[in-house]
Amino acid sequence: MTLTARPANPTAPRVAIIGGGIIGLSCAFELAIRRSVPVTLFDPAPFGRGASWAAAGMLAPAFEAAAEEGAHPHLFDLCHHGAELWPAFAADVGQAAGTNLGFSAGPSLALAFDQDQTADLHHLARALDERGIAHEELRPVVARETEPAISERLVAALHLPTDGQVDNRAVVTALIAALQACPHATLRNEAAPLEDNGKGLHLPGHDAILVTAGWNTAAVKVHQNGDLFSLVNWDTSLDEINCIGGQMMSVACGPDLPKMTLRCGPIYIAPKADRVIVGATMEPGIATAAPEPDKIAQLRADAARLCPAIAEAPELETWAGIRPGTPDRAPLIGATATPGLFIAAGHYRNGILLAPITARIMADLILGGPVMPLAREFRPDRAYTTA
Ligand code: GLY
């Protein structure tokens with residue numbers, strides 16, 4: 001480890017974080033390692049092995065949020081600002097763990113193979129123009145020179161310099177290693193002993209409780225008078241968190257496979273150092289972690305339209321992830337009506353991208369510092385308006 005912890009801040013609250021995915025791990029990193037605040041992270045499941053492990057690690061404010069119909073009006077701003085925090089976050093986490101996170105600030109290519117997809121690209125380009133975000137339409141021949149793995153049936157392409165990627169599995173592995181080595185952090189592989197003692201929610205030995213349990217946040221258990229209740233009873237806004245399943249696969253790297261992240265509608269191909277990830281289905285209401293062979297076969301066929309070499313590439317792994325969604329596709333970030341209870345959940349398709357900015361907001365809120373004004377737009381009790 002090369003990032004040396006300073007002595008614990010003696011006036012800081014002791015923070016319990018419930019949920020050990022990338023959001024909880026990043027909040028613990030921000031608090032314990034960057035700000036020397038004592039933190040305990042609870043999760044009965046293996047740390048970092050839920051949606052954070054299933055993800056593809058795309059850091060894509062433009063493609064994911066600039067033209068997203070029905071999304072929170074400030075989701076793009078949060079994603080764009082979140083992407084700006086990634087270079088320093090990747091450097092700090094990589095340094096703390098002594099590992100390479102496979103971080104790249106960009107670019108990605110958005111592709112179209114028919115008229116409808118071309119119209120979608122033009123819509124995205126207009127949305128980026130309106131926001132003053134850099135992008136460039138590429139002629140198919142130029143796009144295929146840039147990335148020769150793209151199918152010759154390409155009709156249109158958009159170069160997205162803002163959309164990067166990181167190896168999400170390397171990130172959570174590094175966060176766990178860094179926290180295990182930090183004297184201010186304790187990782188407990190068990191359910192948090194959360195209780196309502198009649199005066200409010202309480203976790204012995206802690207002053208603040210931050211729940212970051214993804215699509216399971218509403219169901220986190222609270223002990224009260226010898227019974228177990230779900231956390232949603234203490235904050236009904238958690239009822240809004242839903243789940244969207246996604247089937248995914250990876251194939252072995254090869255000379256004919258892409259070196260750049262490629263997007264087309266719901267399909268993406270995200271090359272990492274040791275695998276090429278292909279995603280993903282979007283299945284509202286589905287909370288299964290089991291891969292389904294027929295859906296995976298369809299996914300591979302769809303991806304092969306972008307890049308023919310995907311059709312025959314040796315399969316490495318298939319899996320399914322569960323995205324935590326909300327009605328406006330933006331996370332719930334902030335304090336709740338219950339004193340001392342904070343929530344950071346519902347990051348939908350952008351959990352990896354939004355981890356550093358969520359961690360910064362939550363640390364500022366919990367420590368009582370100035371909080372970026374944008375954070376107010378995502379408070380858990382907000383009314384749902386969409387763009
Ligand atoms: N961010 C990509 C996905 O959710 O599939």
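Note that ligands are numbered from 1 as they come in the structure, with each ligand's atoms numbered from 1 the same way.
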Q: If we ignore hydrogens and angles and just use 3.5 Å, is the side chain of Asp114 paired with the main-chain N or O of Gln117 as donor and acceptor?
A: yes
Q: Applying a strict 4.0 Å limit to heavy atoms, is Met248 in contact with ligand 1?
A: no
Q: Test your reading of the structure: does Arg263 have an N or O sitting under 3.5 Å from an N or O of ligand 1?
A: no
Q: Hey, what do you get for OG (Ser250) to CD1 (Ile269), rounding to the nearest 0.5 Å?
A: 13.0 Å
Q: Backbone, side chain, both or neither: what part of Tyr348 comes under 4.0 angstrom of ligand 1, heavy atoms only?
A: neither
Q: What part of Glu64, side chain, backbone, both or neither, has a heavy atom within less than 4.0 angstrom of ligand 1?
A: side chain
Q: Could you tell me the residue and atom name of the protein heavy atom closest to atom 4 (O) of ligand 1, and the distance to it rounded to 0.1 Å?
A: Arg323 NE, 2.7 Å
Q: Can you pull out the closest protein heavy atom to atom 1 (N) of ligand 1? Residue, atom name and distance to 0.1 Å, please.
A: Arg349 O, 2.8 Å
Q: Verify whether one side chain among Asp302 and Gln298 offers a donor that lies under 3.5 Å from an acceptor in the other.
A: yes
Q: Kindly confirm or rule out a cation-pi arrangement of Arg360 over Trp86, judged by NZ or CZ under 6.0 Å from the six-membered ring centre and within 45° of its axis?
A: no
Q: Hey, quick one: are Leu124 and Met58 part of the same hydrophobic cluster, counting side-chain heavy atoms closer than 4.5 Å, chains of contacts allowed?
A: no
